Each structure stands twice: as C-alpha cells, then as structure tokens.
K.L.:
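What follows is a single structure, and I will ask about it in a moment.
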Amino acid sequence: MIISSISPSFDNVSSIEAVNDASDVQLIESLVARHGAPLMVLDCDSIRHQYRLLQAALPGVVLHFALKPLPLASVVRSLMDEGAHFDLATAGEVDLVAAESVPADRTIYTHPIKRDADIRAALEYGCNVFVVDSINELEKFIRYKDAVEILVRLSFRNEDAYADLSKKFGCSAEAAIQIIQRAFKLGIRIKGLSFHVGSQTTDPEKYVNAIEQSAAVLTQVSALGLPALSTLDIGGGFPVGYAEEVIGIDEFCRPIRQALAELPETVAVWAEPGRFIVAPAMINVSSVMGQANRDGKQWYYLDDGIYGSFSGIVFDHGNYPMDALHWEGERFASVLAGPTCDSVDVISEDIMLPKLKNGDLIVTRMMGAYTLATATDFNFFRRAEVVTLNEQPVMDQVSSFNAG
Ligand SMILES: *Cc1c(COP(=O)(O)O)cnc(C)c1O
C-alpha cells in the first residue's frame, strides 16, 4: 500500500513530487532510522499488481516471470501465490525457486547456451523445458531425449531496445527449420518456438512482426510433415515508464492480442516478463555522506552509486526518476555522485535539487529491475539492504488477524 504511492504500480507517473505524501515521508524516515541507509524498499503489493495488469492485458498467456532482473525469494513467493510460472536461466536460479518449493512443472529453462551440469541441475529439480538456438546446443540433449521438450529460439533484431537480445541469441527461421528436422531424426521432442524482442521494447509492432514470422515457421513445420509445434513463447521486453512515460500495458498489448488471435487454436502462448513485473516495486533510499562545491556546482556524495544499486545506469541505460525526500524549496543545479573513489561513479551530472544537508535522503523510484541484480561491493561499500513491505497480501493479513 504505502510505497505503491511513492513507487506507483500504476503506469506513467514520472514525478515523485506528485505522489509524495506525509505518510510516505514518515515511513521512509522510520525505515532509515531502523535499518540505516542505503535501502532498497521492495513492495510486494506492487509485484502482484503488475502481474495482474499484464495477465489482464494478455489473457490466456502463461506468464513465466524471468528471475534475472530481481532474483529475490520474496518476489518468487509473491508471484507463486498469484499462480505465476517462472523462467530460469542458471543453476543458481533453479536453486532459488527450488528453495521456495515452486512446483517444477511451473518452470522453464531458457538460457540458449548451457553446460551439461546446468542441464542436469534443472532436470534433477524437475524442469524439463529447455531452449536451444543451434544444432550444437540441440545435440547436448541427445542423452536426455526422453526427459526433455525443446523450444527453438528465433532472432529478430531490435536496435531500439535497452538490450537487443537477438544479437547474442536466437537463429533465423531457416536455421530453426534445420534444428527441428535434426531433432526429429534424433528423436528429441520440439515443443515450440520462442523469441525475445529486446528489453524495454516500446513499440508493440516488434512483437507483432515476431509473432507473424513465428507463425510462418509453425506452418512450414507442419507442411514439411514434421510433428506440429504446440507452443509459442513471446519472451519478455514489456516496457515500464522511467523518467519518460510509456503507453499503458493494456494499450501496448492490444496489437499483440490481435496478432496472437491469428494463431491456430492448438498453439499455447507463453511469455517471459521480467522488468515489467518488478521495476515499479522498488525504491532506493540513499543518504548524503558529504558535499563540496566544485566549479560553481554543488556535489553531493551519496552512500549508494554506480557500483551499487545504480549499476543499471551503466548496464541497463537506466534513467530513474529521483528527488530529495524533502523536495520543497528553491532548486540549484547539482551533481549526485556515488560513494566509491572512482571518478566514473557519478549518478547524475545535472540535477536540480534543493539545498541538502549531510544525512538528507534521496529517493529514486522504478528501481526494481536490473539494479541490485547487477550491483557490486566495489571498494567494500556494501550493497543496499533490502527491506520488504506487504509480503502478505492484504486479504491474508486481515484473515490471520481475525484468526488470531
Ligand atoms: C532477460 C530475459 C527475460 C526478461 O526480459 P525483460 O525485458 O526483463 O522482460 C526473459 N527471457 C529471457 C530469455 C531473458 O534473457
């Protein structure tokens, strides 16, 4: 509830000033008084809300949350209770869902390049759907052919995305047909096709084109007399609003729904959302460690930076909405720097901020995806502590209160 008004789980709110209210300020100050700074405050209500929004925008599509942007047990638990499935990419992610007792038949393993030990770790857990994008990778499954089902990952280039995931992975339609023919000869079951149009894709036509081209491959497979494919996995990439707004998810998904409606009814559709589910669920709270005036500009040194929670600025083109917790008053051109001794550790070169004292707090929203996950403890600055709010849905809280 509370943080969702600061870190809005609804779409398209870009100004923290518009949503701060007194109870939010008090909550943040009390969390810092209890835990210290820097903090990453996670609101599980927001996770559930985003999951429901995307499920409503893509009815009938089985959503597999990709753990990669925020691999936390509390996130897995919140989504498991919503009925989510999970998209795993490493043995470490297998360990995380296994520790939370996620049923293995709700998981898929989508890294296109795996070691034999990775495959075995997933199979031992009970996950048996894997992704390949080459004959070399397919042949790793010869020895497991009776246990596994395979998705073949197609590649559709998208240079506008935050991460063009079709540069490093995926194959052409022609190569996919060759892989499927080879699998048929080897007796390996091909379940379907997958793709990833690129993270933070803001143009739904990228999905529409990929769905249409995938549909053509499905048709070609049947025409060649190969066993029909049962599944199309449309990947992740669904966008959220950072400093710039994006269109709401229901409108974004409208052309995608239309394209999916053209698929044969026998084809099940899956997706692998990551960022969309978790980005709005976390705010960062860091405090001013010190300050200096350099060349007429006020520099503030925070206790979190590029090597910590703000790593997404480097790895994810992050442009997060941020402001002082107490934002009232005249503003001055300022620089926000991270705590390490490295000169690249600057969060913002040009931000208008009120005059801050040491110890004052800076709040940054939309910090759930690809932030903490890529943070380091360079210079021995510890990663921000995660404080989790609303782990139990409100309904559960009421009923356990009544039961008590
Ligand atoms: C990273 C990744 C995702 C999640 O992508 P988002 O852009 O965060 O939605 C899904 N599937 C695969 C295979 C990935 O590598």
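Atoms within each ligand, like the ligands themselves, are counted from 1 in listed order. Note that the numbering runs from 1 along the sequence shown for the chain. Note that this is a predicted model, so its numbers are computed, not measured.
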K.L.:
Is ligand 1 less than 4.0 angstrom away from at least one heavy atom of H111?
P.N.:
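Under 4.0 Å: no for H111.
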K.L.:
Using a 4.0 Å heavy-atom threshold (strictly under), name the region of D87 that reaches ligand 1: side chain, backbone, both or neither.
P.N.:
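The part of D87 near ligand 1 is the side chain, not the backbone.
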K.L.:
Taking only Lys NZ, Arg NE, NH1 and NH2, and the carboxylate oxygens of Asp or Glu, determine whether R120 and D116 approach each other closer than 4.0 Å.
P.N.:
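Yes, charged N to carboxylate O under 4.0 Å.
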K.L.:
Heavy atoms only, cut-off 4.0 Å: how does K168 contact ligand 1, side chain, backbone, both, or neither?
P.N.:
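It is neither; nothing of K168 touches ligand 1.
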K.L.:
With respect to atom 15 (O) of ligand 1, which of H196, K68, H64 exhibits the smallest heavy-atom separation?
P.N.:
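Checking each option, the heavy atom nearest atom 15 (O) of ligand 1 is found in K68.
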K.L.:
Charged N to carboxylate O under 4.0 angstrom, R257 versus D250?
P.N.:
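Yes, this pair counts.
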K.L.:
For ligand 1, which part of A66 has a heavy atom less than 4.0 Å away: the side chain, the backbone, both, or neither?
P.N.:
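Contact part for A66 vs ligand 1: side chain (C-beta onward).
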K.L.:
Considering all heavy atoms of both residues, which atom of P255 and which atom of E205 are nearest to each other, and what is their separation?
P.N.:
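Closest heavy-atom pair between P255 and E205: CB-OE2, 4.1 Å.
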K.L.:
Of the side chain and backbone of Y370, name the one, both, or neither that has a heavy atom under 4.0 Å from an atom of ligand 1.
P.N.:
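Under 4.0 Å from ligand 1, Y370 contributes side-chain atoms alone.
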K.L.:
Between E349 and K297 (salt bridge meaning N to carboxylate O under 4.0 Å), is one present in this structure?
P.N.:
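Salt bridge between E349 and K297, a charged N being under 4.0 Å from a carboxylate O: no.
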K.L.:
Identify, by atom number and element, the atoms of ligand 1 in contact range of T110, meaning under 4.0 Å from any of its heavy atoms.
P.N.:
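Here the atoms of ligand 1 in question are 13 (C).
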K.L.:
Any idea which atoms of ligand 1 are less than 4.0 Å away from a heavy-atom of R153?
P.N.:
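Within the 4.0 Å cut-off of R153, ligand 1 contributes 13 (C).
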K.L.:
Could you tell me whether R383 and D377 have a side-chain N and a carboxylate O separated by less than 4.0 Å?
P.N.:
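So R383 pairs with D377 through a salt bridge.
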K.L.:
Below 4.0 angstrom from a heavy atom of S199, which ligand 1 atoms are there? Numbered from 1 as shown, please.
P.N.:
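What qualifies from ligand 1 is 6 (P), 7 (O), 8 (O).
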K.L.:
Do the side chains of D316 and R275 get close enough for a salt bridge, i.e. N-O under 4.0 angstrom?
P.N.:
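Looking at D316 and R275, the cut-off is met.
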K.L.:
Between P339 and D304, what is the shortest heavy-atom contact and its length?
P.N.:
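Of all heavy-atom pairs spanning P339 and D304, the closest is CD-C, 3.5 Å.
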K.L.:
With atom 6 (P) of ligand 1 as the reference point, say which of P239, S194, G237 has the nearest heavy atom.
P.N.:
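Selected option, by shortest heavy-atom distance: G237.
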K.L.:
Looking at Y207 and F238, would you say the former's side chain and the latter's main chain have a donor-acceptor pair under 3.5 Å?
P.N.:
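Pair found, side chain donor or acceptor close to backbone of F238.
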K.L.:
Give the single entry among E272, R275, Q200 that approaches atom 13 (C) of ligand 1 most closely by any heavy atom.
P.N.:
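Nearest option to atom 13 (C) of ligand 1, by heavy atoms: E272.
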K.L.:
Below 3.5 angstrom, do we get any N/O pair linking G236 and ligand 1?
P.N.:
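The answer is no, given that G236 and ligand 1 share no N or O pair closer than 3.5 Å.
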